[in-house]
Structures are given as C-alpha cells and as structure tokens.
Enquirer: 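Have a look at this one.
For ligands, and for the atoms within them, numbers begin at 1 and follow the listed sequence.
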Amino acid sequence: MSVIDASGLTKIYHRGAEEVHALRGVSLSVQAGEFVSIVGPSGSGKTALLNLLGCLDTPSGGTLSINGTDVTNLPESCRVIIRRAEIGFVFQQFFLIPTLSAKENILLPLTFSKKPVNESRAQEILDMVGLSHRADHLPHELSGGEMQRVAIGRALVDDPKIVLADEPTGNLDSHTAEQMYGIFEELVHKGYTVVIVTHNTELAHRAHRVIRLRDGLLEPDTPCSCPENP
Ligand code: ADP
Ligand code: MG
C-alpha cells in the first residue's frame with residue numbers, strides 16, 4: 001500500500017516579481033515500510049519536496065495523497081491534523097527548546113495534540129533513541145548526535161507512521177551520522193516508513209531506494225528493493 005502518492009507536483013515560489021520553479025512535476029509513490037533517500041545538488045528542490053510530503057506546505061500544482069487521503073488542497077487547519085496523526089519531522093537544525101530537558105522536548109508534541117503526558121511513553125521513546133541516561137539534560141548539555149536523537153524522539157512521540165528527515169546528519173560528524181542512520185534503520189524494521197533527504201551519498205544507499213532530484217525534476221529511478229518490490 002502507498003502511504004505517499006504524489007503525482008506531477010509543482011512548487012513555485014515568488015521572490016519579488018521573480019518566479020522560482022522549485023519543483024517542476026514530481027511523481028512518486030512510497031510504500032508502507034519503505035526506506036527512501038532523496039539526494040540532489042543544493043537548490044534542486046529536496047526541501048521543497050519534503051515540505052510538501054510532510055504537509056508543511058501546499059503544492060502549486062499536481063496531487064498528493066497521504067495514507068489514501070487527498071491532502072493537495074487542504075487548508076492549514078486540516079493539514080495540521082494530518083501532520084500530527086501521520087508524520088514525524090526531523091530537521092538538520094534540531095529545533096529543540098533550550099529551556100526544556102531532553103525528556104520534556106520529546107514530550108512536547110503531546111501537549112500540542114492535547115494528549116496526556118505519559119511517563120512510560122517518555123521512557124519507551126528515550127530507550128528507542130538511546131537517551132535514557134540523558135533524560136533530564138538540557139540541550140546545551142548534549143552533543144550534536146544526542147540533540148538529534150532528542151529531535152527524532154520528539155518526531156516519534158505522537159506515534160506517526162511516516163518519518164521525514166531533512167538532512168538530519170548535516171550538522172553531525174560522519175561517525176555520528178552513521179549512528180543516526182542506524183536509528184532510522186531500526187525504525188524501518190519496526191514498520192515505520194522513512195524518507196530522508198541527505199547530501200551523503202554513501203549513507204543514502206543504506207535506504208531501499210535512492211531518489212535523485214535535479215532542477216526540480218526526478219532523475220530516472222534506481223532499482224527498488226523495498227519490501228513489496230524485491
Ligand atoms: P534544496 O533543499 O534541494 O537545497 P530547496 O527545496 O530549498 O532546495 O529550494 C529549491 C529552489 O527553490 C531553490 O532555487 C531555492 O532558492 C528556492 N526556494 C526555496 N524556498 C524558497 C522561498 N521560500 N522563496 C523563494 N524561493 C525559494
Ligand atoms: Mg534543503
């Protein structure tokens with residue numbers, strides 16, 4: 001089953017009088033449980049695409065379904081509901097709240113979705129991202145890798161089935177970046193669908209499928225060894 005179904009997606013940004021065609025017709029399907037990497041030069045539209053797939057932004061053209069729901073033209077008030085239910089987002093810059101501990105940062109989305117804050121859920125997530133021993137530390141007391149683990153935990157706490165990550169290892173050394181990929185691989189083993197934008201072509205190939213973007217268009221697909229298409 002496709003959890004992401006995009007057809008002919010375009011995205012035009014307006015910069016003053018200038019139109020920037022960030023995506024020029026991107027079609028792609030991602031299956032449940034698939035691990036996909038998106039690579040491409042800077043400015044090729046990777047972030048634009050991930051923001052559309054994550055319902056953070058709306059396309060200028062084309063169609064997009066998430067878990068069978070057509071989200072193409074939904075207003076923000078509806079997209080936020082889909083985002084909370086279906087999607088966990090991880091960013092290069094971590095975006096942690098500096099005054100909250102690792103555990104409090106992880107639990108924050110539950111406050112936004114008005115769910116009860118649940119200690120055992122916090123422990124489960126801390127274990128999942130390997131941070132039980134850092135639960136009460138503030139972000140400035142953590143390494144880059146640990147901060148990104150917190151951010152991954154925060155993406156998971158509301159129990160989405162799709163995890164989207166935009167250059168999650170961009171600020172990390174290569175050893176830490178590899179460890180981070182290990183976490184994403186574990187998530188895939190647990191049944192999550194994971195889509196990662198990366199500059200690191202070596203790590204990209206640890207996914208089931210590598211998608212290449214250039215000038216807002218997909219380059220021909222590399223073979224897919226995803227679970228439903230071995
Ligand atoms: P990538 O993530 O692959 O580096 P982006 O998706 O961020 O690329 O950007 C694709 C193109 O869209 C670039 O030319 C970029 O300058 C442009 N762009 C991205 N966001 C905006 C914006 N908010 N306003 C205007 N142009 C933008
Ligand atoms: Mg980008």
Enquirer: Below 3.5 Å, N or O to N or O, backbone or side chain included: is there any such pair between His14 and ligand 1?
Expert: no

Enquirer: Indicate whether the side chain of Asp127 and that of Ser132 have a donor and an acceptor atom separated by less than 3.5 Å.
Expert: yes

Enquirer: Where is the nearest protein heavy atom to atom 12 (O) of ligand 1: which residue, which atom, and how far?
Expert: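 Going atom by atom, the protein heavy atom closest to atom 12 (O) of ligand 1 ends up being Ala22 CB, 3.4 Å.
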
Enquirer: May I ask you to identify, for Arg15, whether its side chain, its backbone, both or neither come under 4.0 Å of ligand 1 on a heavy-atom basis?
Expert: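 Answer for Arg15: side chain.
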
Enquirer: When Asp5 is tested against each of Ser27, Ser65, Ser29 for side chain to side chain donor-acceptor pair (under 3.5 Å), which residue passes?
Expert: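 So, applying the side chain to side chain donor-acceptor pair (under 3.5 Å) to Asp5 and each of Ser27, Ser65, Ser29, only Ser29 qualifies.
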
Enquirer: State plainly whether the residues Lys115 and Asp158 are in salt-bridge range, i.e. N to O under 4.0 Å.
Expert: yes

Enquirer: Is any N, O or S atom of Ser42 under 2.8 Å away from the Mg ion (ligand 2)?
Expert: no

Enquirer: Would you check if there is a donor-acceptor pair between the side chains of Asn200 and Thr198 at a distance under 3.5 Å?
Expert: no

Enquirer: Going by the angle between their ring planes, with limits at 30° and 60°, are Phe184 and Tyr181 parallel, tilted or perpendicular?
Expert: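 Perpendicular.
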
Enquirer: Considering only protein heavy atoms, which is closest to atom 18 (N) of ligand 1, and at what distance to one decimal place?
Expert: Tyr13 CD1, 3.4 Å

Enquirer: Between Glu167 and Ile196 (side chain of the first, backbone of the second, donor and acceptor by atom type, cut-off under 3.5 Å), is there such a pair?
Expert: no

Enquirer: Enumerate the atoms of ligand 1 whose separation from the nearest heavy atom of Pro41 is less than 4.0 angstrom.
Expert: 3 (O)

Enquirer: Tell me, which protein residue and heavy-atom name are nearest atom 7 (O) of ligand 1, and how many Å apart are they?
Expert: Thr47 CB, 3.7 Å

Enquirer: Relative to atom 5 (P) of ligand 1, which among Gly216, Gly45, Gly40 owns the nearest non-hydrogen atom?
Expert: Gly45

Enquirer: Return the closest protein heavy atom for atom 1 (P) of ligand 1 as residue, atom name and distance.
Expert: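 The answer is Gly43 N, 3.5 Å.
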
Enquirer: Among all protein heavy atoms, pick out the one at the shortest distance from atom 6 (O) of ligand 1; state its residue, atom name and that distance to 0.1 Å.
Expert: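 For atom 6 (O) of ligand 1, the nearest protein heavy atom is Ala48 N, 2.9 Å.
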
Enquirer: Assess, by modelled atom type and distance only, whether the side chains of Ser120 and Asn118 contain a donor and an acceptor separated by less than 3.5 Å.
Expert: yes

Enquirer: Which heavy atom of Ile87 sits nearest to which heavy atom of Ile66, and what is that distance?
Expert: CD1-CG2, 4.5 Å

Enquirer: What protein heavy atom is closest to atom 14 (O) of ligand 1, reported as residue, atom name and distance in Å?
Expert: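 For atom 14 (O) of ligand 1, the nearest protein heavy atom comes out as Val20 CG1, 3.7 Å.
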
